[in-house]
Every structure is written in C-alpha cells, then in structure tokens.
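Any value given below was found using the heavy atoms of this structure, including those in side chains, with hydrogens, waters and symmetry copies removed.
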Amino acid sequence: MSYVDHAQSSYENVSKHVPESLRVYLPILPVMTLVGVFILYPIAQAIYSSFFAKSLLQPDQAEFVGLANYVEIWTDPDIHQVLWNTAIWVSVGSLAAIVLGFLMGWLLDEKLPYTSVASAIVLIPWVLPRVVGASIWQFMFGGSQGIINELLVQLGFVDEYIVMLGSTELSLWPPIIGMIWRLAPLFALLTLTSLQGIDEHLYEAARMDGATPWEQFRYITIPMMKYNLAIGFLLMLIYNVRNFSMVWVMTKGGPGVSSSTLPVMIYRAAFIDFEVGFASALSVMLFVVLLVFSYYYIQFYDKVQGEM
Amino acid sequence: MATQDTDPTAEFRKNQSWLYDSKPGAYVRKTAIGLLTLVVGAFILFPLYWMVVTAFKTTAEIQQIPPTVFPENFSLEGFRLVIESSIQAGGYAGLVQNLFGVTVSSAIDINLLGLVVSSLKVAVGAGLIAVVLGTGASYVLSRRDFRGKNLLMSLLLASLMFPGTAIMVPEWELISTLGLFNTHLALILIYGAMTAPFVVWLMKGFFDDFPDSIIEASRIDQCSAFETFWYVLVPMARNSLIASFIFAFLLAWNELVFALTLLDNSKFTVPPGLLTFVQGFNTQWNVVAAASIIVSIPVLAGLAYIQRYFVQGLTGGAIKG
C-alpha cells in the first residue's frame with residue numbers, strides 16, 4: 001500500500017509542475033523514451049550509417065561516401081544469390097506455410113475430439129525457442145545420423161545417404177522446411193479463429209437456398225475470412241523475410257552463400273567482415289521491403305478492427 | 001430414440017461430436033479427413049517426437065545407422081550429462097561433493113543452469129518493463145484524445161515491424177556507447193523496448209472495450225484518474241496483464257540475434273548458449289535434446305496459459321518473429 005501511495009504521490013508531484021495540457025503525455029513518456037532510444041534511434045542510425053564507409057573495428061574513422069555502399073550492393077558477387085534465396089524463402093516458404101496452415105486450421109475446425117488440446121499442441125513449433133526448433137531440424141537433416149536421409153532411403157527416393165546441409169545445391173531447402181514447420185501452426189491458428197468467427201446461420205441460410213459445399217466455401221467462408229487471411233499472409237511474408245535463426249543455426253548461410261538470406265548477409269557483413277556501412281545499406285534495403293509489407297499489414301489490420 | 005432427439009442436451013452433444021454424421025458419404029469424408037490429419041500431424045509432431053526420443057537414447061545408439069525410431073536402451077544419459085556439466089561449469093562441484101559425497105566430473109561443457117538463470121533474469125526484467133511502461137501509456141492512449149496521438153500509435157506500431165537483424169549494428173554501437181556491452185541490462189532494455197509497443201497494443205484493446213460506467217462510478221466516488229487506473233482498472237485487467245507479460249517473456253526467452261551479438265560466453269542466455277553447444281565439435285545430440293527439453297518447459301507452461309490470448313495478440317499488431 002505504501003508503495004502505491006508513494007507512486008501516486010510522486011506521480012502527482014511530478015504532474016504539479018507540468019501544464020495541464022501536457023499531463024496526458026506523462027504516462028506515455030517512459031515508453032516513448034525506451035522505444036525511441038532502443039528501436040527508433042537505431043533505425044535512424046542504420047539509415048545514416050549506410051552513407052559512410054565504416055569498420056566495426058574503428059567506428060570513429062567513418063568516411064562519408066554518399067551512395068557508394070548502395071552501389072557496392074549491386075556489384076557484390078554474392079548479392080544475386082542472396083536476393084534469389086530471399087525471394088525463394090519468402091515465396092515458397094510463405095506459400096507452403098499458408099497452404100499447410102490453412103489445411104491444419106480447417107482440420108482443427110472439424111469437430112474432432114480434443115480440438116482445444118490439439119490446437120495448443122500444434123502451436124508448440126511456433127513458441128519453442130527458435131534455436132531449439134532449428135537444432136532439431138539440423139539434427140534430422142544433418143550428417144550421418146539424420147533420420148530424413150533414412151526416410152528417403154526407405155521410401156526409395158534415394159539410394160544412399162546424401163549430404164544436404166553441406167551441399168551448395170540443397171542447403172537452402174532444409175531451413176525452409178524447418179521454417180514452414182514453424183510458421184504453419186501460426187497460420188492454422190489464424191484460420192481456425194476466423195473460421196470459428198463465422199456465424200453458423202449464414203451456412204444454414206445458404207443450405208436452404210441449395211448452395212453446394214463449394215459454393216458455401218466460395219461465397220461465405222472466403223469472403224468472411226479474407227482480411228484475417230490477408231493479415232496472416234503478410235505475417236508469413238514478414239516473418240520469412242526477417243528470418244535469421246533457422247538459417248544461422250542450420251547452415252550459417254553456407255556453404256558459401258548458398259543458403260544465405262538478406263538478414264544472414266547483414267550479419268556476416270557486420271560481424272564477420274566488420275563493414276558497418278555496407279551492412280547498414282543492406283539493412284535499409286530490408287527496411288524498405290518490410291515497410292511495404294507493413295503498410296499493407298496495417299491497412300488490413302485497420303479493416304479487421306473496423307469490422308469486429 | 002425419439003426422446004433423445006428432443007432432449008436438447010443430447011442433441012447438442014451429438015452435433016458437437018465428430019463421429020456423429022448422418023450425411024451421405026460421411027465415411028469417405030471422415031476417412032479423408034482422418035488421413036489428412038495424420039499426415040499433417042506427423043509433419044508437425046515428428047520433430048518434437050524425435051527430440052524427445054533422442055534425449056532418451058545413449059550416445060552409442062544415436063551414432064547408429066540406421067537410426068532407431070524408438071530408443072532400444074532407454075537412458076537418462078543426456079539429462080545426466082546436462083545436469084553434471086551444469087554443476088561443474090557453475091562451480092558447484094565442490095559443494096555437491098561435500099553435501100552428497102558424489103564426485104562430479106563432466107567431459108562436456110554446457111552450463112545450462114547458468115544459461116537458464118541468465119535467461120530468466122532477462123526475460124522477467126523485459127516482461128516487467130514492457131508491462132509496467134506499456135500499460136500506463138495504453139490507458140491514456142485508449143481513454144484520452146490529444147494532439148499527436150495517431151502519430152504516437154503509428155510510431156509504436158512501426159517499431160514493431162523492424163527486425164532485430166536489421167538494427168543489430170546500430171544497436172551494438174549504441175550499447176557500446178552506453179557502456180552496457182555484455183550486460184543483461186542491455187538485453188532487458190532492448191527486449192523491453194521491442195515488446196512494450198505490443199503491450200500498448202494489447203492493453204489498449206482491453207481498455208477500449210472497458211465499460212465507461214465503471215470508470216464513471218469510480219469518478220463519482222471521488223477517485224482521481226490515477227486511483228481509478230490503479231485500484232479499478234489494473235485489478236480487472238489482471239488476465240490481459242499476465243498475458244502481456246508472458247508474451248514479452250517468451251520473446252526474451254527465445255531471442256537469438258541480440259543475445260548473440262551483445263553478450264559474450266560468460267553472460268549468454270539460453271539461445272546463444274545452446275547454439276554454441278550445438279555447433280561444437282562432436283555434438284552429443286542426446287545432450288542437446290535433453291537441454292532443449294529443459295529450456296522449453298517454461299515456454300510450454302506459458303503457452304498453456306496464454307493460448308486463448310494468442311490470436312488476439314497476434315492479430316493485435318504483434319509482429320514478433
């Protein structure tokens with residue numbers, strides 16, 4: 001109690017010296033300070049740094065180079081591979097996670113026994129520490145003891161064990177599969193919630209009008225879910241573009257850059273090659289991509305809020 | 001039968017049951033759904049199963065080709081090694097020797113206990129910061145109109161979008177400048193800043209839906225705005241507050257990038273600590289699996305509690321990767 005009184009009186013003491021019109025900002029100030037210092041300032045700093053040639057080892061000796069870092073990105077020998085990998089991550093990874101997640105959500109919505117337990121269990125891949133999830137997949141794909149190899153042999157797809165994580169042709173795919181495993185449950189949950197949010201009476205009315213199951217799906221389910229699905233879709237894109245842990249734990253982006261995505265390239269540029277300016281320019285590229293996605297995310301989010 | 005059909009409870013139960021389906025072709029449909037469920041379920045659950053069985057295998061069995069689907073010799077070796085090496089690396093070997101007369105010596109080097117303690121410190125700290133700072137702000141943002149409100153909300157939402165990987169370099173420089181390099185405080189502040197906007201979002205949703213009449217009643221009883229907030233709203237928001245805390249906790253518990261770049265081995269939290277072990281030579285996978293299970297327990301406990309808040313939170317502007 002005394003703590004509360006103290007907190008209250010100190011709040012009032014502070015607010016006494018603040019004009020009435022500004023008092024409303026007092027409770028917001030701490031959050032904005034924290035977010036401003038640790039999120040917004042670094043974002044601004046990343047944009048600023050991208051115009052300098054700067055080494056992480058000698059941060060004081062920065063030289064203004066204008067757009068040279070951005071030019072360097074396009075002449076970097078690895079960039080095409082990395083952008084291509086990122087594009088595959090975002091498109092294939094998101095699409096597969098969406099299809100699988102939609103299917104899972106749909107199955108969870110069937111009145112199967114223990115749906116609530118099942119939907120909690122299904123979420124485990126999503127909440128598990130990312131390093132844990134990634135190391136499970138690394139173990140399953142990796143080396144001489146990998147169960148995936150054994151499965152492929154048993155099913156007759158290959159004759160003998162193949163090196164997957166250490167191969168330039170294949171190394172991109174195991175992390176993507178791991179990521180699909182991690183993200184599909186999230187989309188499943190979104191699907192499930194939006195399915196459960198649809199009024200049963202709509203279906204009843206449609207059935208009375210003689211609508212086939214396909215028509216019910218096409219003209220009720222999809223329209224009712226579209227904003228939630230759009231949010232889920234954008235979330236999948238955002239997560240896949242940003243993903244670092246799955247790649248880093250499983251392959252470190254290698255061999256070479258065969259499995260590197262944009263975030264991995266940023267990490268390597270900054271903390272292995274110590275080229276801060278170059279890394280910042282790459283970060284700005286990533287910002288731009290995310291800004292586009294985020295813009296639509298917020299739009300759809302507002303629409304969902306408006307309808308709920 | 002006729003009586004049952006008119007009994008509303010029985011009718012409801014039947015409709016709820018998956019097995020009850022009188023439509024033609026129901027069996028085909030159910031078989032298809034069952035098979036699909038098995039395939040999808042296997043993809044999601046098999047890795048988890050594999051982690052659990054691996055934890056209970058002996059080192060020899062893990063190196064066996066082809067791998068065994070179920071442990072032949074059920075063994076706690078993995079867990080034993082994790083605990084032993086934690087005791088040794090944590091410097092408790094002497095204590096255990098004195099207390100129990102057991103000599104602990106471990107060939108592997110993973111101080112899981114130390115990692116868990118570091119992670120707990122960081123995650124609880126970040127959760128508290130995010131909830132305490134976020135809730136006050138969300139109340140004002142929900143209940144008052146003022147200049148710059150939309151801008152503030154947009155800034156907060158925008159700050160949720162940016163991934164750790166893109167700001168880790170400036171963050172590294174900032175933390176060095178502040179003299180916080182290799183401290184847990186640095187992570188607490190960063191994770192707090194990463195989740196506070198989300199807490200604002202979640203709690204704003206709660207306060208938006210809060211009935212005005214209760215607030216008016218407390219005003220009539222001469223409560224100040226702060227008293228209303230502290231004595232009326234906060235107790236009623238308990239569940240949402242706990243959910244916010246757990247979200248922040250989970251983020252901090254799982255985050256790899258900042259922990260990897262801002263700490264060195266001695267201060268590592270669980271994710272980077274586990275990573276160094278996984279990538280050591282001669283990784284003992286039963287130990288990794290055992291350690292993974294141990295560090296996942298807090299996460300699963302959190303999940304069990306906040307499951308129903310999950311979607312609300314996720315669509316509520318929480319864009320945490």
Side-chain angles (χ1 to χ4, degrees), chain A residues 4 8 11 24 27-28 30-31 34-35 38-40 42-43 45-46 59 103-104 107 110-113 120 122-125 127-132 135-137 139-140 144-145 147 150 189-190 193 231 238-239 242 244-245 249 263 266-267 270-271 276 279-280 283 286-287 290 294 298 301, chain B residues 16 18 33 36-37 40 44 47-48 50-51 62-63 65-67 133-134 136-137 140 144 146 152 157 159 161-163 165-167 169-171 173-174 189-190 192-193 196-197 226 230 250 253-254 256-257 261 270-271 274-275 278 285 288 292 295-296 299 303 307 310-311 315 317 319 321:
Chain A
V4 173
Q8 186 187 339
Y11 174 77
V24 72
I28 306 173
V31 165
L34 190 71
V35 172
F38 289 102
I39 309 282
L40 300 176
I43 292 174
Q45 179 66 39
L103 196 65
M104 278 162 60
L107 290 172
E110 288 291 325
K111 287 162 187 155
L112 290 165
V122 146
L123 263 180
I124 292 176
V127 288
L128 221 53
R130 274 159 265 170
V131 174
V132 169
S135 14
I136 301 173
W137 282 99
F139 178 50
M140 288 177 33
S144 48
Q145 310 119 14
I147 181 75
E150 178 63 21
L189 203 69
L190 277 166
T193 331
I231 282 190
I238 291 172
Y239 285 142
R242 288 164 49 152
F244 172 77
S245 309
V249 175
I266 296 173
Y267 184 91
F271 294 101
V276 175
S280 301
S283 299
L286 188 56
F287 284 158
L290 283 161
S294 308
I298 294 173
Y301 178 71
Chain B
Q16 290 298 303
W18 180 64
I33 288 175
L36 260 179
T37 311
V40 174
I44 296 299
L48 301 174
W50 202 242
M51 173 172 77
I62 284 173
Q63 281 157 359
I65 298 172
L133 300 189
V140 179
R144 298 285 182 81
F146 51 87
L152 281 177
L157 191 62
S159 65
M161 303 285 175
F162 290 102
T165 23
I167 55 170
V169 182
E171 202 80 66
E173 291 173 322
L174 175 69
L189 291 170
I190 293 171
F226 182 81
W230 186 257
L250 289 181
W253 190 265
N254 295 343
L256 170 68
V257 175
T261 47
V270 167
L274 215 52
L275 181 63
V278 171
W285 283 102
V288 173
S292 298
V295 303
S296 301
V299 169
L303 169 68
Q307 203 220 335
F310 224 98
V311 169
T315 55
I319 340 253

Exercise for the section: For residues B:Trp50 and A:Ile147, determine if any side-chain heavy atom of one lies less than 4.5 Å from a side-chain heavy atom of the other. Expected result: yes
Problem - Proximity breakdown for B:Leu174 and chain A, heavy-atom pairs closer than 4.5 Å - result: side chain
Practice task
Starting at OG of B:Ser296, measure out to CG of A:Leu128 and round the result to the nearest 0.5 Å.
Solution key: 4.0 Å
Handout entry: Contact summary for A:Pro42 and B:Pro170, nearest pair of heavy atoms
Key = O-CG, 3.2 Å
Handout entry: Over all atoms of both residues, closest heavy-atom pair of A:Val127 and B:Val299
Key = O-CG1, 3.0 Å
Exercise for the section: Sort out for me which of A:Leu286, A:Leu290, A:Val276, A:Ile124 touches chain B most, counting heavy-atom pairs under 4.5 Å. Expected result: A:Ile124
Practice task
Name the member of B:Ser292, B:Gly136, B:Pro197 that forms the most heavy-atom pairs with chain A at distances under 4.5 Å.
Solution key: B:Ser292
Exercise for the section: Nearest 0.5 Å please: distance from the CG atom of A:Leu34 over to the CD1 atom of B:Ile190. Expected result: 10.0 Å
Fill in the blank from the handout: Most heavy-atom pairs under 4.5 Å with chain B, out of A:Tyr267, A:Trp137, A:Phe271, belong to A:Phe271
Exercise for the section: Over all heavy atoms of both residues, which pair between B:Val140 and A:Pro27 is shortest? Give the atoms and the distance, please. Expected result: CG2-CG, 3.2 Å
Exercise for the section: Measure B:Ile44 against the heavy atoms of chain A and call it side chain, backbone, both or neither at under 4.5 Å. Expected result: both
Handout entry: Nearest heavy atoms of B:Ala193 and A:Phe38, plus distance in Å
Key = CB-CB, 3.8 Å
Exercise for the section: Measure A:Ala46 against the heavy atoms of chain B and call it side chain, backbone, both or neither at under 4.5 Å. Expected result: both
Practice task
Report the C-alpha separation of B:Ile167 and A:Phe287 in whole Å, then their side-chain angles, then the decisive distance to 0.1 Å, and conclude whether the side chain to side chain contact (heavy atoms under 4.5 Å, CB included) test is met.
Solution key: CA-CA 10 Å; B:Ile167 55 170; A:Phe287 284 158; 3.7 Å; yes
Problem - Close side-chain approach of B:Val270 and A:Pro129, heavy atoms under 4.5 Å - result: no
Exercise for the section: Go through the atoms of A:Ile43 and report whether side chain, backbone, both or neither lie under 4.5 Å from a heavy atom of chain B. Expected result: both
Exercise for the section: Find the distance between CZ (A:Phe244) and OG1 (B:Thr165) and round it off to the nearest 0.5 Å. Expected result: 7.5 Å
Handout entry: Heavy-atom check, side chain of B:Pro47 versus side chain of A:Met140, under 4.5 Å
Key = yes
Problem - A:Val131 and B:Val295: CA distance, side-chain angles, deciding distance, side chain to side chain contact (heavy atoms under 4.5 Å, CB included) verdict - result: CA-CA 11 Å; A:Val131 174; B:Val295 303; over 6 Å; no
